[in-house]
Amino acid sequence: MKSSEIFNPTLREVPSEAEIVSHQLLLRGGFIRKTSGGVYSYLPLAFRVLKKIMNIVREEMDRAGGQEVLMPIIQPAELWQESGRWVVYGDEMFRLKDRHNRSFALGPTHEEIITTIVKQDVHSYRDLPLLLYQIQNKYRDEIRPRFGLMRGREFIMKDLYSFDMDEAGLDLSYKKMHEAYKRIFERMNLKYRVVEADSGAIGGNESHEFMVLASSGEAQIVYCDNCHYAANVEKAQCQAQEAVKAKSIVVKALEKIHTPGVRTVDDVMQKLAVPIESIAKTLIYWADGEYVGAVIRGDRELNEIKFKNILRCNELVIADEKQIREVLGISVGSLGPIGAKFKVYADQEIEFMDNFICGANEDGYHLINVNMSRDFVPETIADLRNAVKGDSCPVCSAELDTIRGIEVGHIFKLGTKYSEVMKASFLDNNGQEKPFIMGCYGIGVSRTMAAAVEQNHDENGIIWPIPIAPYQVIIVPVNTKKTEQMELAWSLYHQLLGLGLEVIIDDRDERAGVKFKDADLTGIPLRITIGPKALQEDKVELKKRWEKETVLVAIENIVEEINRILKQY
RNA sequence: CGGGGCGUGGCGCAGCUUGGUAGCGCGUCUGAUUUGGGAUCAGAAGGCCGCAGGUUCAAAUCCUGUCGCCCCGACCA
């Protein structure tokens, strides 16, 4: 393709709306344009990248036994009412009505449709397992779309749904997908990590996320280098701190002290000159109609997902100051577990804290020398906090580390969650009617493109991993007016095309600097520069986008050299 | 939905407080000179200042409403 003909409008300046690197570079490189909030058009270069990602995904899904289908984006409300998600999904779902006033949704996901299709036409265990997948636009009316392609309202997603006759079958399907996903991200040449995840609203009991590692990632990953444990911080288990217990000292008598004006953990530290580890804080939440308190060490973060799972509640929101004052008659700074008018849930770490400090449930007072069991008995003791760097690994007890990642894949065991409510069943080999055992496995295709940029870029632009680069090679003749440069450029261009490679020739009558800047910005992995200096020695320059240095290669070897490099991918 | 900010040529912005013929840089077009990391000179095109009302002799500027966008929060792949 000639640069002069590619529709690839690059920008010198960063559009002000773009906050993160991938958004900025995809806009500047002429890959995407915004059509509406959270809705983007993919220009030719971006579409080439997407197609490469989709092809890799498709090949691996097929290899794992998947069959591709295409399902409607417009979905009738009835299907969603049947599963109960018409209500549950809430404002997140794009809804519309036709001229007859019938309700529809723009599909955020396709469990309802696929389950309906399978229910209609699959009736025997002989037809199982069945793995069906689709790669399509999906829709979520995000409260706040942001980060460009990272959190759009329209996005491209691959979803595979598995139908099995029993748990063992599901385990096998799940394992196949797990392996397929690893292959996919390896083939795309992305650094990633598989982590244990919370299955959230979709349900089910086992779930893994595939995270592309990038410092800008939204997800915090906790991992162990000693063993293979890795988990989303939402899920990562914390160990109770036995070591602390061993050092325990004499339990002192409970004491109430006057602490006017002390409101935060920091205040307590300063006022009483104590370490933050000797303070316990109490957080009040509104959980399905009642107030509950969580007690954790002063420096810890409450993990709301763990808390929610322990409470088995649907709604969990932190109470605001006004609510606390109205209901409990005290201010936030003086909350504590002793004599509380709410149910108290303690983090397991609290059990190992001796003579700690907490609010007295009385304005302007704190208690010191508090000890759990002796001074109060919580409803439950559980793992309630977020894991942090330095915690011990729940598998091997080595020290955990943390890293940030972008969630690009998520696999779930659904079980019978949908098949039961939607009455999708088959007859097993005993003639018994059984609900399908389902799994669902998603990959955010458009998000993967953005994640690849987040992970692979420098100050000059994108550095596409070769397997998903829009083109593999760009030939840059330094001066278009010099016929010997142009002749060689065209000759190399045709030779590379002849090998089936994807090549751009920058035939624009621009200054070399402009061409270099554009080539770097758009991230084409290999650049051949044809200039007078090297040409005198019958050489051209080869620049790998991911390396700093340029190397000289003899003209007669360059095609072979390019082919050799690209063959590795 | 709550809090904050912004809508002025394709992009980035100034002008608004104190109303009076809309400006800068980049990009685009023409020509010339250039040609190894976003050239120089000369010329040109392109904007009913988001939209709708209102105040005024006069509105980008003041007032009201509305739409859109961005950031923080709740939500989430």
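Quick note on labels: first sequence line is chain A, next is B, and so on, each numbered from 1.
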Both distances below 3.5 Å, Watson-Crick or wobble geometry, any strand: find the nucleotide opposite B:U17. none

Write down the distance separating the P atoms in B:C49 and B:U30, rounded off to the nearest Å. 30 Å

Partner residues of A:K34 under the side chain to side chain donor-acceptor pair (under 3.5 Å) criterion, sequence neighbours left out: A:E17

Residues in ring-ring contact (aromatic ring centres under 6.0 Å, His included) contact with A:Y40, at least two apart in sequence or another chain: A:H23

Contacts of A:E154 that satisfy side chain to side chain donor-acceptor pair (under 3.5 Å) - sequence neighbours left out: A:Y139

For RNA chain B, which residues of residues 143-162 of chain A approach it to below 4.0 angstrom with any heavy atom? A:I143, A:R144, A:R146, A:R151, A:G152, A:F155

If the condition is side chain to side chain contact (heavy atoms under 4.5 Å, CB included), which residues does A:A469 pass it with, not counting sequence neighbours? A:W464, A:P525

Given the C1' atoms of B:G7 and B:G12, what is the spacing between them in whole Å? 14 Å

Which residues satisfy the side chain to side chain contact (heavy atoms under 4.5 Å, CB included) test with A:N8, sequence neighbours excluded? A:I6, A:T10, A:L45, A:T522

Side chain to side chain contact (heavy atoms under 4.5 Å, CB included) partners of A:E290, counting only residues at least two apart: A:V292, A:K343

Please enumerate all protein N or O atoms sitting under 3.5 Å from an N or O of nucleotides 6-11 of chain B, with distances to 0.1 Å.
unit_1: B:C11; atom_1: O2; unit_2: A:E13; atom_2: OE1; d: 3.2

With sequence neighbours excluded, what pairs up with A:K51 under the side chain to side chain contact (heavy atoms under 4.5 Å, CB included) test? A:F47, A:M54

